[in-house]
K.L.:
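Can you keep this structure in mind? I'll have questions shortly.
Here is how names work: the chains are called A, B, and so on, in the same order as the sequence lines, proteins then strands, and each is numbered from 1.
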Protein chains: 2
Amino acid sequence: MTRRIPQARERGIPDATVARLPLYLRALNGLAERGIATVSSEDLAVAAGVNSAKLRKDLSHLGSYGTRGVGYDVQYLIYQISRELGLTQDWAVAIVGVGNLGRALANYGGFVSRGFRVAGLFDADPAVVGERIAGLVVEHADGLESVIRKRGVSIVVIATPATAAQQVCDRVIAAGVTSILNFAPAVLTVPDGVDVRKVDLSIELQILAFHEQRKASGGPMMGDEWPDGVVVVSERGAALGEASQ
Amino acid sequence: MTRRIPQARERGIPDATVARLPLYLRALNGLAERGIATVSSEDLAVAAGVNSAKLRKDLSHLGSYGTRGVGYDVQYLIYQISRELGLTQDWAVAIVGVGNLGRALANYGGFVSRGFRVAGLFDADPAVVGERIAGLVVEHADGLESVIRKRGVSIVVIATPATAAQQVCDRVIAAGVTSILNFAPAVLTVPDGVDVRKVDLSIELQILAFHEQRKASGGPMMGDEWPDGVVVVSERGAALGEASQ
DNA sequence: CCGACTTTGTGCATCTCTTCACAAAGGCAC
DNA sequence: GTGCCTTTGTGAAGAGATGCACAAAGTCGG
């Protein structure tokens, strides 16, 4: 009878843990820059803004990389987390939609520094196509599929208006992309096996407003009635990345 | 013995629910624009990209606003969710750090449309101060506290480089702000009662890379060893919102 | 070589969130 | 009115994440 020795790094690191690994990585890089060679879970937890028990449990999912009585070797842990996150390889990223946000993303310094390389900028507006941004020439969205295949793009950032998002999404998936970062305020429908993460400024602000309201009053005005004459104004489809797409 | 009748809208809507309300709101606004007066939990769930049981449970935390056998009145539900989120009032927002991202945020159309009003733009760089962006003149960061108080700013968006983020954070909190949206890749330390939400492009990409790697190979290369000669390059403190602050 | 001290890794209890499944509620046709 | 049909609202079970608390493992000074 073969007893399975419970092995960390089995398969399946909890999502919540994966979401925190980049945080630890950043904290570790900060420590490394300050020349710190070893760190305890307690100190690293403070630097990353989490509870130390949680940090230890998270790291235990990767393996036993700490030394009891001492802590974690900063460089070694940086390497292990980077490897787990897939940052030891180079990822080609394409940005679709070169509006205000698309430009900001293209110029984002943190891209290059972490294994992500902007391999293409796309827009549907002829007025924008040809423009040079962050060392890249904006290409017409017509060439999306071929460029994705040719340059091995595996992650696409959608920064188009909401109305164009699904269409762009469908096209890049057809071209083989399975990881999408969506800045457009739209729900993307994708087949199984495709990962979508969304970033939405408007939603974040609304969540803050909720808590702010709770703090200010003791909750929203009591009474669930329709006030007379209320007309709820429709939300515009305005996108954070509302570009010329 | 006083039996508490479990009352929806008691106090305390689950965080997970609050985070989804803006999603429902957007979906409802889409339906309203198409002139739809009534919607079932099933249809609304599809439009919002969630499971219908979850949607119903979420809405049940606000109250009993549906009609069995029929569904939900679109306009009424829009109003109720808006009220719960505090969107029936006007929130003054200040943006600190007018780099690429700060500019994109200032020009973001979705701001105005939803009860959020940009009441001030700040930067520490004299070269940027005085510039006119989205109808507002950029002010020097020195005036942060007084402007916050004078204009009743209750939400601050931090789009500065990581190095300046904590300092800006401390200052706006001292000025009475208790809701912060942080785009700088830094962990902010705040006293109790202050809400911070963070948006970090780099983290989102790293999470995508993790899943992408899992899909591509059968996990990261086996073997936990340090490869010879590996030098882990330090992460630059490069911020999405790396501005001139 | 030993004993005191530090810090990890984890079993366990708890809490939160999700999902299922169905009784209760209401509309509608006749 | 009455009965059928649709859809909500929710109890309960399940899954996942969190945090405590401590045994095990390792360091270090003497």
Side-chain angles (χ1 to χ4, degrees), chain A residues 4-21 23-24 27-28 31 36-74 76-77 80-81 84 207 211 224, chain B residues 3-21 23-24 27-28 31 36-74 76-77 80-81 84 207 224:
Chain A
R4 293 281 287 115
I5 295 156
Q7 181 120 23
R9 319 229 16 266
E10 191 85 31
R11 207 47 36 202
I13 295 176
D15 284 348
T17 294
V18 173
R20 281 187 294 265
L21 291 180
L23 221 56
Y24 303 152
L28 285 164
L31 295 172
I36 295 168
T38 284
V39 66
S40 69
S41 65
E42 184 57 40
D43 291 350
L44 182 53
V46 169
V50 302
N51 167 311
S52 71
K54 180 151 54 179
L55 173 87
R56 287 199 299 277
K57 185 152 290 186
D58 282 344
L59 294 184
S60 77
H61 286 115
L62 310 190
S64 256
Y65 296 147
T67 308
R68 295 175 191 229
V70 177
Y72 300 88
D73 181 283
V74 173
Y76 185 57
L77 196 52
Q80 290 298 346
I81 294 178
E84 196 66 48
I207 295 170
H211 291 294
D224 299 343
Chain B
R3 239 297 242 90
R4 295 279 288 110
I5 296 156
Q7 181 120 23
R9 318 228 20 265
E10 190 86 33
R11 209 43 40 200
I13 295 175
D15 284 349
T17 295
V18 172
R20 281 186 295 265
L21 290 181
L23 221 56
Y24 303 151
L28 284 165
L31 295 172
I36 295 167
T38 284
V39 67
S40 71
S41 65
E42 185 56 40
D43 291 351
L44 182 53
V46 169
V50 303
N51 166 312
S52 72
K54 182 151 54 179
L55 175 94
R56 286 199 300 279
K57 183 146 289 187
D58 283 343
L59 294 184
S60 77
H61 286 116
L62 311 188
S64 254
Y65 297 146
T67 307
R68 293 171 194 235
V70 176
Y72 300 88
D73 181 283
V74 173
Y76 185 58
L77 197 51
Q80 289 300 346
I81 295 180
E84 197 66 50
I207 294 170
D224 300 343

K.L.:
Can you name the one residue among A:T17, A:L77, A:V50 that meets side-chain contact (heavy atoms from CB on, under 4.5 Å) with A:Y24?
P.N.:
A:V50
K.L.:
Find the distance between OG (A:S41) and CG (A:D58) and round it off to the nearest 0.5 Å.
P.N.:
11.5 Å
K.L.:
With rounding to the nearest 0.5 angstrom, report the CG to CD1 distance, A:D43 to A:I36.
P.N.:
8.0 Å
K.L.:
Can you tell me how far C1' of D:dA17 sits from CG of A:D15, to the nearest Å?
P.N.:
11 Å
K.L.:
C:dG9 P sits how many Å from A:L55 CG, rounded?
P.N.:
10 Å
K.L.:
Measuring to OP1 and OP2 of D:dC20, would you say a side-chain N or O of A:N51 lies under 4.0 angstrom away?
P.N.:
yes
K.L.:
I want to check something: taking the side chain as every heavy atom from C-beta on, are B:K54 and B:R20 in contact at a cut-off of under 4.5 Å?
P.N.:
yes
K.L.:
Assess whether one donor atom and one acceptor atom, taken from the side chain of A:K57 and the base of C:dG9, lie less than 3.5 Å apart.
P.N.:
no
K.L.:
Rounding to a whole Å, what distance do you find between A:Y65:OH and D:dG26:P?
P.N.:
16 Å
K.L.:
With a 4.5 Å heavy-atom cut-off, do A:T67 and A:D73 have their side chains touching?
P.N.:
no
K.L.:
To the nearest angstrom, how far is A:H61 atom NE2 from D:dG16 atom P?
P.N.:
12 Å
K.L.:
Which nucleotide in the set C:dT18, D:dG19, C:dT8 lies at the smallest distance from any side-chain heavy atom of A:Y72?
P.N.:
C:dT8
K.L.:
Angle between the two end axes of the helix from C:dC1-D:dG30 to C:dC30-D:dG1, five base pairs per end, rounded to 10 degrees?
P.N.:
10°
K.L.:
For C:dT8, does either OP1 or OP2 sit under 4.0 Å from a side-chain N or O belonging to A:S41?
P.N.:
yes
K.L.:
Tell me the interatomic distance from A:L21, atom CG, to D:dA17, atom P, rounded to whole angstroms.
P.N.:
13 Å
K.L.:
Round to a whole Å and report the spacing from CG of A:L59 to P of C:dT7.
P.N.:
16 Å
K.L.:
Are the side chains of A:L59 and A:I81 in contact, using a 4.5 Å heavy-atom criterion?
P.N.:
yes
K.L.:
Rounding to a whole Å, what distance do you find between B:R20:CZ and C:dT16:P?
P.N.:
15 Å
K.L.:
Where the side chain of B:S40 is defined as all heavy atoms beyond and including C-beta, which of D:dG9, D:dT7, D:dT18 is the nearest nucleotide?
P.N.:
D:dT7
K.L.:
When rounded to the nearest 0.5 angstrom, what distance separates OG in B:S60 from OH in B:Y65?
P.N.:
11.0 Å
K.L.:
I need the CG-P distance between B:L44 and D:dT8, as an integer number of Å.
P.N.:
9 Å
K.L.:
Can you see which heavy atom on B:T38 is nearest to which on B:V74, and at what distance?
P.N.:
N-CG2, 3.8 Å
K.L.:
Within a strict 4.5 Å, meaning less than it, do heavy atoms of the A:Q80 and A:L21 side chains meet?
P.N.:
no
K.L.:
Using a 4.0 Å heavy-atom cut-off to protein, can you give one letter per nucleotide of nucleotides 21-30 of chain C, 5' to 3': B if the base is in contact, S if only the sugar-phosphate is, - if neither?
P.N.:
B--BBSS---
